[in-house]
Amino acid sequence: MPELPEVETVRSQIEPYLVGSTVINADSHPSDKFTPALEVIGSQFQSVHRRGKFILAATDAGQEFIVHLGMTGKVSFSDSLTDNPYRRAWLELDDSMARYFEFIDVRRFGRLRLVEAGDYSKIATLKTMGPEPFGSEVNVEDFWAALKKSSRAIKTQLLSQRPIAGVGNIYADEALWMAKINPTAKTISKQRAKDLLEAIQVALQKGIDNGGTTLRDYRNAFDAEGQNQHELLAYGRAGEPCLRCGKALSSKVIDARTTTWCSNCQRR
DNA sequence: CCCAACTCCTGGGCGC
DNA sequence: TGCGCCCAGGAGTTGG
């Protein structure tokens, strides 16, 4: 699943292609998830940033073209359009290193948006999103305070993007395992919040360093797999021995997401 | 405002 | 070999 490490990998790859390029033509799947591609025709990209799992490309028209990969979204560049049946949108670029930017998404959980720069009022997840895990604003006090405001399971809270941005199912399980916190815990001490915040940073940085996690669908902008799947500590290891204590890892569904943890190391 | 439940999507894996 | 079923999950929507 594209989470912060995968999205950051893609962002860094598409940045040099988009910045300075003008969209001279575009087309999309008829769903309004993808038709915003048509609205960016005539605009020139000026920067490509990331916020959580969203890629934000600023234009000279004072807008931001937003790309969200969803579950199976991929981007690619080419000199001629491919015949991929799952292409949901494409942009023709003037003065880029490649003529076409394509957005391919088998399951159509991804989406495109075009908003006035900085106006996320109509994108709830962005609007309520917590700080960037590697940003200057992140701190234990706010993170702990955010967790205390909700009575939901901590795993659910992480997936909500509110305490901190960019964590999805894989890295949530990884970080909770690293910090020895039970995913169903509803409140945690400030010290444990500190441990969890640090574990989130470690898990995400490891994912970035490994080029993301490819379980099945994820590929970067150059169609390459990540390598982090070979170093997962908890996610997907249900029934296998805990790498700390040896007990078989447990698994259950929390908030409709498969969750794996060690019932010995991660006690409530 | 929060939250739980539901919805969107389709290839791949599995049982029979 | 093929059919039917179910799973994967980020986030938007809806109703309480």
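The model shown is predicted, which means the values in this text are computed figures rather than measured ones. Lettering follows sequence order; numbering is per chain, from 1.
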Residue-phosphate contact under 4.0 Å: [X] side-chain N/O, [N] OP1/OP2:
{"X": "T125(A)", "N": "dG12(C)", "answer": "yes"}
{"X": "R107(A)", "N": "dG10(C)", "answer": "no"}
{"X": "S150(A)", "N": "dC3(B)", "answer": "yes"}
{"X": "K33(A)", "N": "dG12(C)", "answer": "no"}
{"X": "R111(A)", "N": "dC8(B)", "answer": "no"}
{"X": "T258(A)", "N": "dA8(C)", "answer": "yes"}
{"X": "Y86(A)", "N": "dC9(B)", "answer": "no"}
{"X": "H68(A)", "N": "dA11(C)", "answer": "yes"}

Check: [Y] main-chain N/O paired with [X] side-chain donor or acceptor under 3.5 Å:
{"X": "T59(A)", "Y": "F45(A)", "answer": "no"}
{"X": "Q44(A)", "Y": "T22(A)", "answer": "no"}
{"X": "D105(A)", "Y": "G110(A)", "answer": "yes"}

Q | Options dG11(B), dC3(B), dG10(C), nucleotide nearest the side-chain atoms of R216(A) | A | dG11(B)

**Q.** Among dC3(B), dT10(B), dA11(C), the nucleotide that comes nearest once only the side chain of R108(A) is considered
**A.**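 Among dC3(B), dT10(B), dA11(C), the one nearest the side chain of R108(A) is dT10(B).
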
Q.
What does the 5'-to-3' dot-bracket notation of DNA chain B look like when only Watson-Crick and G-U wobble pairs under 3.5 Å count, and pairs to other strands show as |?
A. .|||||||||||||||

Q: Specify the separation, in whole Å, of atom CG of D255(A) and atom P of dC3(B).
A: 11 Å

Q.
Can you measure H29(A) atom NE2 to dC8(B) atom P for me and round it to whole angstrom units?
A.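 One finds 14 Å between P of dC8(B) and NE2 of H29(A), rounded.
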
Q. At under 4.0 Å between heavy atoms, what does Y171(A) touch on the DNA or RNA strands: base, sugar-phosphate, or nothing?
A.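 Nothing, no heavy atom under 4.0 Å.
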
(Q) Nearest heavy atom decides the nucleotide; on that basis, is R88(A) or K149(A) closer to the 5' end of DNA chain B? (A) K149(A)

Q | N220(A)-K74(A) side chain donor-acceptor pair, cut-off 3.5 Å | A |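 No pair is found: no donor N or O on one side chain lies under 3.5 Å from an acceptor on the other.
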
Q. Just checking, is any N or O donor in the side chain of S151(A) or K186(A) under 3.5 Å from an acceptor N or O on the other one?
A. no

(Q) If you assign each of K122(A) and M71(A) to its closest nucleotide in DNA chain C, which residue comes earlier from the 5' end? (A)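 The residue whose closest nucleotide sits nearer the 5' end is M71(A).
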
Q. Are any of the side-chain heavy atoms of V115(A) and K122(A) separated by less than 4.5 Å?
A.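 Counting from C-beta outward, V115(A) and K122(A) never come under 4.5 Å.
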
(Q) Parallel, tilted or perpendicular: which one describes the rings of F222(A) and Y17(A), with boundaries at 30° and 60°? (A)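 Tilted: the ring planes of F222(A) and Y17(A) meet at 30° to 60°.
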
